[in-house]
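As a basis for the values below, the full set of heavy atoms in this structure was taken, side chains included, without hydrogen atoms, waters or symmetry mates.
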Amino acid sequence: ARGRYASFLYVAKDYNNAIKEINDALARGNTNPVLYRVLGYSYYETKNYKEGLNNLEKFIGIAKEKGKPKLIMLDYSYYGKLLAENGKDSLGVEELKKAIALDPNFVDGYSDIASIYFKAKNFPESAKYYRIKIQKSEKSDYNDYNFLGRALYQSKEYAGADSAFTKVSELLPNLTIGYVWAARSKNKLDNQEAPTGLAKPLYEKVIAIGGTDAEKNKKDLTEAYSYLGFYYFVNKDYSCSKAAWLKVKELDAANEKATAALSDKNISAGKTCDAIQVVQP
């Protein structure tokens, strides 16, 4: 009865009490191997990955030796994640693939594999599995698009990254995250020495959204104004370049790039700029 109660606690996501009840049941001589299964699951959910792996491996060992209980999709899923959390990435991926083989519509399995590959910096494989997750999901998840975009960006697939981050912007239109990463991707597709402005509208969007809370979005705003400062400089619009770099200084007084740019004789001679409003020092 205590063992069944522990299973109910797991289902109710009361993992700490499930662990307590199972350990009590095992101490009282309960030999039901399913207790090790639920204990492994519960330890994973409480981030005690070492104990989770130990107990789930006990369950799997007993199940394989006796031929029962039958291993289910969740066994392979939790086992794969626990292996990965214990530094056994490749083995973890193989177990997660077994979970997917039992249920090809187990969409979280694809993102679990993608996450393992991402942490291991195998970005092409990570992008592959995030794409499958998105294709199989009934509803788009901004987090999946975000990590897909980052995996593609790290793989230098900047056009694909731009598309993924554009989707993030559609799902989170009032945050800078999608726009700033899309801008970075566009910038990589542009001429690095003399940008034509592919990223300019996106960085201006970052400024429009991020400017409502400059302190919170300070990093993104600094990046956006720095881009504009350089863009206007290479296009010989020194007044707007000066205004942009002055905005950087407003955000970060010690910014070395802004200090160096403002010491340039062409920029320092700049006058007013309608594109960027700034209070002159």
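Atom CG of D14 is separated from atom CG of N16 by 7.0 Å, given to the nearest 0.5 angstrom. We find the CD-CG distance between E21 and L35 to be 11.0 Å, quoted to the nearest 0.5 Å. In this structure, CZ in R37 is found 7.0 Å from CG in L71, a value given to the nearest 0.5 Å. One finds the CG atom of L83 at 8.5 Å from the CD1 atom of I116 (value rounded to the nearest 0.5 Å). With values rounded to the nearest 0.5 angstrom, F165 atom CZ is found 13.0 Å from K186 atom NZ. Within the model, atoms CD1 of I60 and CD of E57 stand 7.0 Å from one another, a figure rounded to the nearest 0.5 Å.
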Would you please test E95 and Y78 for side-chain hydrogen bond (donor to acceptor under 3.5 Å, both in side chains) and show each step? CA-CA 9 Å; E95 295 302 318; Y78 273 107; over 6 Å; no

E85 vs K81, test: salt bridge (charged side-chain N to carboxylate O under 4.0 Å, His left out). Steps then yes/no. CA-CA 6 Å; E85 292 291 351; K81 291 187 288 185; over 6 Å; no

Just do the side chain to side chain contact (heavy atoms under 4.5 Å, CB included) check on L102 and I72 with the steps written out, would you? CA-CA 8 Å; L102 287 176; I72 60 175; 5.8 Å; no

Chi angles and distances behind the side-chain hydrogen bond (donor to acceptor under 3.5 Å, both in side chains) call for D220, N217: CA-CA 5 Å; D220 290 346; N217 299 297; over 6 Å; no

Apply side chain to side chain contact (heavy atoms under 4.5 Å, CB included) to the pair L39 and N23, showing each step before the final yes or no. CA-CA 8 Å; L39 194 54; N23 282 323; 3.7 Å; yes

With side chain to side chain contact (heavy atoms under 4.5 Å, CB included) as the criterion, how do D144 and S111 come out once you've worked through the C-alpha distance, each side chain's angles and the decisive distance to 0.1 Å? CA-CA 8 Å; D144 290 328; S111 57; 4.1 Å; yes

Apply side chain to side chain contact (heavy atoms under 4.5 Å, CB included) to K133 and D108, showing your working. CA-CA 7 Å; K133 163 71 183 298; D108 286 344; 4.0 Å; yes

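The only option from Y41, Y44, Y43 that meets the ring-ring contact (aromatic ring centres under 6.0 Å, His included) definition with Y10 turns out to be Y41. Here the options are Y117, F118, Y130, Y129, the test is ring-ring contact (aromatic ring centres under 6.0 Å, His included), and the partner is F123; only F118 passes.
G211 and L221 make their closest contact through N-CD2, 3.9 Å (heavy atoms, listed as atom of the first residue, atom of the second, distance). Contact between A243 and C273 at its shortest, heavy atoms only, is CB-CB, 4.0 Å. L82 approaches G40 most closely through the heavy-atom pair CD1-O, 4.1 Å. Counting all heavy atoms, side chain and backbone alike, A161 lies closest to S185 at CB-OG, 3.6 Å. Residue G178 comes nearest to S169 through the heavy atom pair C-OG, 3.1 Å, listed as atom of the first residue, atom of the second, then distance.
A salt bridge links D24 to K20: at least one charged side-chain nitrogen sits closer than 4.0 Å to a carboxylate oxygen. Under 4.0 Å is where a charged nitrogen must lie from a carboxylate oxygen, and between K200 and E204 at least one such pair does.
Two residues are said to be in side-chain contact when any heavy atoms from C-beta on lie closer than 4.5 Å; V93 and D112 fail this criterion. Residues L228 and C240 are not in side-chain contact: their nearest non-hydrogen atoms beyond the backbone lie 4.5 Å or more apart. Between Y145 and D141, the closest side-chain pair of non-hydrogen atoms is not below 4.5 Å. Side-chain contact check for P69 versus F59: some heavy-atom pair is nearer than 4.5 Å.
Under the rule for a side-chain contact (heavy atoms from CB on, under 4.5 Å), the partners of I209 that lie at least two apart in sequence or sit in another chain are T176, Y179, K205.
For the residue pair Y203 / E223, a side-chain donor-acceptor distance below 3.5 Å is found, with atom types taken as modelled. Counting only N and O atoms by type, the side chains of K249 and T259 include a donor and acceptor under 3.5 Å apart.
For the pair D252 (side chain) and V248 (backbone), a donor-acceptor distance under 3.5 Å is absent. The main-chain N or O of K218 is found under 3.5 Å from a side-chain atom of T222 such that the two form a donor-acceptor pair. No donor-acceptor pair closer than 3.5 Å links the side chain of N30 to the backbone N or O of L26. Side-chain atoms of N86 come within 3.5 Å of backbone N or O of Y49 as a donor-acceptor pair. The backbone N or O of L198 sits less than 3.5 Å from a side-chain atom of D190, completing a donor-acceptor pair. With hydrogens and angles disregarded, no donor-acceptor distance shorter than 3.5 Å links the side chain of K242 to the backbone of I267. Under the 3.5 Å distance criterion, the side-chain polar atoms of S77 are left unmatched by any main-chain donor or acceptor of L96. Formation of a donor-acceptor pair under 3.5 Å by the S126 side chain with backbone atoms of N122 is not found in this model. With T212 contributing its side chain and A208 its backbone, the two residues share no donor-acceptor pair below 3.5 Å. Distance alone, capped at 3.5 Å, is enough to place a donor-acceptor pair between the S239 side chain and the K271 backbone.
When the shell of 6.0 Å around CD of Q192 is examined, it contains more than 12 heavy atoms from other residues, nucleotides or ligands. Counted within 6.0 Å of OH on Y142, heavy atoms from surrounding residues, nucleotides or ligands total 12 or fewer; the atom is thus considered open.
For Y158 and Y153, the gap between ring centers is short of 6.0 Å. Aromatic pair Y225/W245: ring centres not closer than 6.0 Å.
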